Amino acid sequence: MIHNDHPRYESLKLREKIVDAYKKGILAESGMIAHGRGEAFDYLLGEKKTVNSEKAVRAAAAALILAKNPVISVNGNTVALVPNEIVILADDLDAKIEINLFHRTEKRVSIIEKVMNNAGAKNILGTDHEEKAKIKGLEGPRANSSREGVYIADVVLVPLEDGDRAEALVKLDKLLITIDLNPLSRTAKTATITIVDNIVRAIPNLIQAVHELRNVDDPTLHQIVNDFNNQENLDESLKKISDKHTGRVKP
Ligand code: ATP
């Protein structure tokens with residue numbers, strides 16, 4: 001039992017969700033380690049949204065609204081933390097949801113599919129009873145993508161992705177949006193738009209931004225996407241971390 005006046009209440013609740021997801025077979029062991037890395041960066045960033053993450057969220061929302069074929073690619077961590085919010089976002093955008101796991105097993109895919117169906121998802125892609133197409137530059141089961149999903153998508157939202165797959169998707173000319181608390185990760189640097197924030201805040205913020213921008217004209221949306229500079233935004237996020245902590249500690 002964690003009392004809600006505990007200073008690390010939110011963070012500890014997320015840990016509980018992650019451990020619970022591991023016990024239910026949603027997450028692989030390495031998913032818990034990945035969460036730990038994210039948690040460390042969240043701590044450094046102050047555990048709330050920043051001006052930079054808001055800028056990235058706005059650009060991401062504009063790109064997703066403009067997309068002809070948007071796909072949200074989900075892994076164990078995403079499904080452990082924000083299954084309902086992913087379904088809301090996908091419905092709002094008329095986007096497809098595709099399962100892609102680093103440590104793929106038939107059992108984990110089927111557990112995740114059930115969780116997403118219970119959250120209200122209508123047509124989950126990336127399952128085992130479906131024809132796959134290979135993504136160039138990747139090996140093993142991770143190279144598989146759904147023919148109706150990531151393979152033909154123009155805009156892909158891939159939260160908490162690993163660097164190799166992010167690079168391979170960008171090489172295929174997809175506009176890649178990621179959510180990653182580590183502004184130094186290969187994925188963060190490779191993506192077209194990186195939201196440096198915790199997925200539990202980033203997805204609800206993205207849902208809100210989509211609502212705000214959905215009636216905006218296309219040229220304005222294109223302008224919002226084109227004005228966004230990912231490297232600049234990542235540099236500002238890193239600066240935010242150092243500004244926040246430099247000089248605070250007394251000798
Ligand atoms: P890369 O190959 O891109 O350098 P990596 O090897 O550092 O990535 P992975 O373990 O593949 O990392 O993916 C986990 C990433 O997700 C980490 O960068 C971590 O900071 C981030 N992360 C973990 N939990 C969250 C979360 N709740 N919200 C946002 N980002 C998260």
Side-chain angles (χ1 to χ4, degrees), residues 8-22 26-50 52-57 60 72-86 89 99-104 108 112 115 135 137-143 150 156-171 174 176-207 209 230-231 233-235 237-238 240-241:
R8 311 229 49 76
Y9 178 74
E10 291 301 330
S11 174
L12 293 173
K13 287 297 282 183
L14 292 187
R15 273 193 195 178
E16 243 179 30
K17 272 195 178 183
I18 288 289
V19 172
D20 190 48
Y22 170 70
I26 298 169
L27 261 192
E29 282 158 345
S30 61
M32 293 198 282
I33 297 168
H35 181 82
R37 179 158 4 193
E39 194 187 77
F41 278 97
D42 208 7
Y43 186 96
L44 291 172
L45 282 159
E47 293 169 332
K48 52 181 193 287
K49 70 178 177 188
T50 63
N52 304 317
S53 68
E54 279 190 307
K55 271 193 221 164
V57 161
I72 305 174
S73 173
V74 296
N75 64 5
N77 291 63
T78 301
V79 174
L81 296 175
V82 284
N84 300 316
E85 293 83 349
I86 290 289
L89 182 63
I99 300 169
N100 190 283
L101 307 181
F102 193 89
H103 298 285
R104 191 180 176 100
R108 190 167 304 119
I112 287 180
V115 174
I135 293 181
L138 291 178
E139 298 296 330
R142 256 180 353 124
V150 165
V156 189
L157 170 62
V158 276
L160 283 63
E161 184 54 274
D162 77 283
D164 289 348
R165 186 157 175 261
E167 277 167 17
L169 291 173
V170 166
K171 275 195 190 134
K174 302 196 188 282
L176 198 79
I177 301 166
T178 194
I179 298 168
D180 194 331
L181 278 158
N182 177 5
L184 295 165
S185 79
R186 277 182 310 148
T187 306
K189 291 179 180 167
T190 306
T192 326
I193 300 168
T194 301
I195 302 167
V196 181
D197 198 1
N198 198 314
I199 193 169
V200 299
R201 292 185 296 270
I203 297 287
N205 289 340
L206 204 42
I207 293 170
N230 201 46
Q231 193 50 58
N233 196 270
L234 293 176
D235 291 344
S237 297
L238 273 176
K240 174 122 204 141
I241 293 177

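For clarity, every value in this text was computed on a predicted model and none was experimentally measured. Each ligand, and each atom within it, is numbered from 1 in the order the structure gives.
What sits closest to atom 6 (O) of ligand 1 on the protein, heavy atoms only, is Arg37 NH2, 4.0 Å. Regarding atom 27 (N) of ligand 1, its nearest protein heavy-atom neighbour is Asn198 OD1, 2.9 Å. Counting protein heavy atoms only, atom 23 (C) of ligand 1 is closest to Ala34 O, 3.1 Å. Ranking the protein heavy atoms by distance from atom 13 (O) of ligand 1 puts Glu161 O, 4.1 Å first. Distance from atom 4 (O) of ligand 1 to its nearest protein heavy atom, with residue and atom name: Arg186 N, 3.1 Å. The protein heavy atom nearest to atom 3 (O) of ligand 1 is Thr187 OG1, 2.6 Å.
In the candidate list Leu160, Asn75, Asp197, Leu160 is nearest to atom 25 (C) of ligand 1, counting heavy atoms. Comparing Ala166, Ala202, Gly163 by heavy-atom distance to atom 1 (P) of ligand 1, the nearest is Gly163. Of the listed options Ile195, Asp180, Thr178, Asp180 places a heavy atom closest to atom 21 (C) of ligand 1.
Taking distance alone, with nitrogen or oxygen atoms compared against 3.5 Å, Asp162 stays at or beyond that limit from ligand 1. For ligand 1, the polar-atom distance check finds no N/O of Asp164 at less than 3.5 Å from any of the ligand's N/O atoms. Annotation: Asn77 places no N or O atom under 3.5 Å from an N or O atom of ligand 1; distance criterion only. Where the criterion is an N or O separation shorter than 3.5 Å, residue side chain and backbone included, His35 fails it with respect to ligand 1. Where the criterion is an N or O separation shorter than 3.5 Å, residue side chain and backbone included, Leu181 meets it with respect to ligand 1. Considering backbone and side-chain atoms together, Leu81 places no N or O closer than 3.5 Å to any N or O of ligand 1. The shortest N or O to N or O distance between Ile199 and ligand 1 is under 3.5 Å.
Closer than 4.0 Å to atom 9 (P) of ligand 1 lies none of the heavy atoms of the protein.
Partners of Asp235 by salt bridge (Lys or Arg N to Asp or Glu O under 4.0 Å), not counting sequence neighbours: none found. Scored by the side chain to side chain donor-acceptor pair (under 3.5 Å) test, Asn233 finds no partners at all (sequence neighbours excluded).
Under the 4.0 Å criterion applied to side-chain N and carboxylate O atoms, Glu47 and Arg8 are assigned as salt-bridge partners.
In this structure, the side chain of Lys174 engages the main chain of Val150 through a donor-acceptor pair within 3.5 Å. A donor-acceptor distance shorter than 3.5 angstrom exists from the side chain of Asn205 to the backbone of Arg201, with no hydrogens or angles considered. No donor-acceptor pair under 3.5 Å is formed between the side chain of Arg165 and the backbone N or O of Leu138.
Across all non-hydrogen atoms, the minimal contact from Ile193 to Ala56 is CG2-O, 3.5 Å.
Under the 3.5 Å distance criterion, with hydrogens and angles disregarded, no donor-acceptor pair is assigned to the side chains of Asp180 and Thr187.
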Could you walk me through whether Leu27 and Ile18 pass the side chain to side chain contact (heavy atoms under 4.5 Å, CB included) test, one step at a time? CA-CA 8 Å; Leu27 261 192; Ile18 288 289; 3.6 Å; yes
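Around the CD atom of Glu139, the shell of radius 6.0 Å holds no more than 12 heavy atoms that belong to other residues, nucleotides or ligands.
Heavy-atom separations between Ile33 and ligand 1 are all 4.0 Å or longer.
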